[in-house]
Number of protein chains: 2
Amino acid sequence: MKNVDDKIFLMHAEVCKAMANPIRLKILDALGHGEQSVDVMAKSLNLRKANLSQHLAVLRQRGIVATRRDGLHIYYCCANSKMLKACAILREVLLEQLEEGGRLTKQVSRRG
Amino acid sequence: MKNVDDKIFLMHAEVCKAMANPIRLKILDALGHGEQSVDVMAKSLNLRKANLSQHLAVLRQRGIVATRRDGLHIYYCCANSKMLKACAILREVLLEQLEEGGRLTKQVSRRG
DNA sequence: TAAATAGTTTCAATGTTTCGAATATACTAA
DNA sequence: TTAGTATATTCGAAACATTGAAACTATTTA
């Protein structure tokens with residue numbers, strides 16, 4: 001049997017794969033503010049329902065989001081706030097990089 | 001021009017893509033303990049050099065690792081410790097899920 | 001300079017992800 | 001039961017990722 005570390009690396013890669021799409025990251029970001037129905041998300045993110053549903057399925061399969069049905073509507077929420085925390089840290093780094101990049105670009109154009 | 005948020009979601013997805021592979025996560029984990037040469041990593045991770053180099057290129061292109069040459073050797077290190085922090089949080093969640101799963105399995109088999 | 005070592009890149013085969021379109025399922029109301 | 005709304009699944013095509021093998025570049029040493 002495979003050891004626990006290898007299993008964790010595999011699971012970790014699966015989670016990253018699930019997050020490796022800008023639409024799915026927007027979905028997670030939206031769910032960070034509270035649960036939402038597919039319908040509402042489709043409108044606010046401007047996506048076809050079928051496509052949104054496919055992305056939600058990916059997140060569901062990896063246990064990143066959880067669902068609750070209420071009548072016709074299915075409400076999605078983030079399954080674990082620590083995952084949002086991990087996302088937030090990465091975004092922090094990227095924002096820094098973006099700012100850094102902007103500053104460098106300005107310096108270069110000032111020189112050119 | 002695309003707005004900053006969209007750009008961040010795209011960059012974030014790129015970073016997740018780069019991390020969405022168990023080999024690359026093992027590489028990052030190894031680099032968490034300090035810089036290492038390709039040669040040493042190839043041996044410790046039991047990978048062909050060409051393949052390791054391909055994975056390192058993915059991490060390099062996304063700015064996740066940085067390099068330094070010293071003579072014949074090229075040393076890789078993690079470019080930003082916050083990224084390791086984000087990885088650590090995700091692994092924490094996954095370890096919890098794995099433990100939770102194990103506990104449930106035991107309960108089920110006790111009942112069965 | 002040639003040979004050796006460390007690392008990278010390119011190519012082609014194979015596998016995976018993404019999407020829209022069509023189809024299917026779950027629930028509600030008439 | 002039928003119709004209607006909300007969501008999910010399946011399929012096929014295009015785009016993308018992963019791999020080993022071979023060819024390539026950079027550095028050191030003789």
Side-chain angles (χ1 to χ4, degrees), chain A residues 2 6 9-28 30-31 34-79, chain B residues 6 9-31 34-79:
Chain A
K2 213 167 267 191
D6 277 354
F9 282 123
L10 258 172
M11 290 172 75
H12 192 161
E14 291 300 309
V15 169
C16 287
K17 228 178 266 178
M19 292 183 171
N21 178 292
I23 294 177
R24 291 199 288 271
L25 290 172
K26 280 186 200 181
I27 293 172
L28 283 180
L31 295 180
E35 69 171 16
Q36 284 192 30
S37 71
V38 178
D39 203 42
V40 166
M41 276 191 275
K43 274 164 197 151
S44 73
L45 300 177
N46 195 26
L47 291 172
R48 284 157 220 278
K49 271 189 200 175
N51 191 9
L52 173 55
S53 199
Q54 287 167 336
H55 285 299
L56 287 170
V58 171
L59 294 171
R60 225 188 313 124
Q61 277 152 22
R62 308 307 201 255
I64 299 173
V65 299
T67 62
R68 152 181 101 76
R69 184 186 268 275
D70 181 9
L72 270 180
H73 295 270
I74 294 180
Y75 291 91
Y76 277 79
C77 67
C78 184
Chain B
D6 277 354
F9 282 124
L10 259 171
M11 289 171 75
H12 193 161
E14 290 300 309
V15 169
C16 287
K17 225 179 269 179
M19 291 183 172
N21 178 291
I23 293 178
R24 291 199 288 271
L25 290 172
K26 279 186 202 181
I27 292 171
L28 283 180
D29 188 51
L31 294 181
E35 69 171 14
Q36 283 192 30
S37 70
V38 177
D39 201 43
V40 165
M41 278 191 274
K43 274 163 196 152
S44 74
L45 300 177
N46 196 25
L47 292 171
R48 284 158 221 277
K49 270 190 202 173
N51 191 9
L52 173 56
S53 198
Q54 287 162 338
H55 284 298
L56 287 171
V58 172
L59 294 170
R60 226 187 312 126
Q61 276 151 24
R62 309 305 200 253
I64 298 173
V65 299
T67 62
R68 152 180 101 77
R69 184 186 267 274
D70 182 9
L72 270 179
H73 295 271
I74 294 180
Y75 291 91
Y76 277 80
C77 66
C78 185

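Just so we're clear, the structure is a prediction, and the values are computed from it rather than from any experiment. Residue numbers start from 1 in every chain, and the chains themselves are labelled A, B, ... in the order their sequence lines are given, proteins ahead of strands. Every heavy atom of this structure was used, including side-chain atoms; hydrogens, water molecules and symmetry mates were not.
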Nearest-Å distance, [atom1] ([X]) to [atom2] ([N])?
X	N	atom1	atom2	value
B:Asp39	C:dA4	CG	P	17 Å
B:Leu52	C:dT9	CG	P	13 Å
A:Asn21	C:dC19	CG	P	6 Å
A:Leu56	C:dT17	CG	P	17 Å
B:Lys43	C:dT5	NZ	P	11 Å
A:Lys49	D:dT9	NZ	P	15 Å
B:Ile74	D:dA26	CD1	P	11 Å
A:His55	C:dT17	NE2	C1'	10 Å

Counting the atoms with a prime plus P, OP1 and OP2 as sugar-phosphate, which does A:Tyr75 contact under 4.0 Å by heavy atoms, base, sugar-phosphate, or nothing?
nothing

Give one of base, sugar-phosphate or nothing for A:Leu47, where a contact means two heavy atoms less than 4.0 Å apart.
nothing

Can you see whether B:Arg68 engages B:Tyr76 through a side-chain donor-acceptor pair at a distance of less than 3.5 angstrom?
no

I want to verify a distance call: between [options], whose nearest atom is closest to the [X] side chain?
X	options	value
A:Ala57	D:dT7, D:dT19, D:dT9	D:dT9
A:Ser37	D:dT7, D:dT19, C:dA22	D:dT7
A:Arg24	C:dT18, D:dA8, C:dA26	C:dT18

It should be established whether [X] places a side-chain nitrogen or oxygen under 4.0 Å from OP1 or OP2 of nucleotide [N].
X	N	value
B:Arg48	D:dA21	yes
A:Arg69	C:dC27	yes
A:Tyr76	D:dA6	no
A:Asn51	C:dT18	no
B:His73	D:dT27	no
B:Arg60	C:dT8	yes

Within the structure provided, determine whether B:Pro22 and A:Leu10 are in side-chain contact (heavy-atom separation under 4.5 Å).
yes

Please examine the side chains of B:Leu28 and B:Val65, heavy atoms only from C-beta on, and report whether any two atoms are closer than 4.5 Å.
yes

Say whether, by atom type as modelled, one donor and one acceptor occur between the side chain of A:Arg60 and the main chain of A:Arg62 under 3.5 angstrom.
no

B:Lys17 backbone acceptor or donor facing B:Arg24 side chain under 3.5 Å
yes

Base of C:dT17 paired with side chain of A:Gln54 (donor-acceptor, under 3.5 Å):
no

Using nucleotides 28-30 of chain C, report all nitrogen or oxygen pairs with the protein that are shorter than 3.5 Å.
none

Nearest-0.5 Å distance, CD1 of residue B:Ile23 to CZ of residue A:Phe9
11.5 Å

Spacing of CD belonging to B:Gln54 relative to CG belonging to B:Asn51, to within rounding of 0.5 Å
5.5 Å

Smallest separation among heavy atoms of B:Leu52 and B:Val38, with atom names:
CD2-O, 3.3 Å

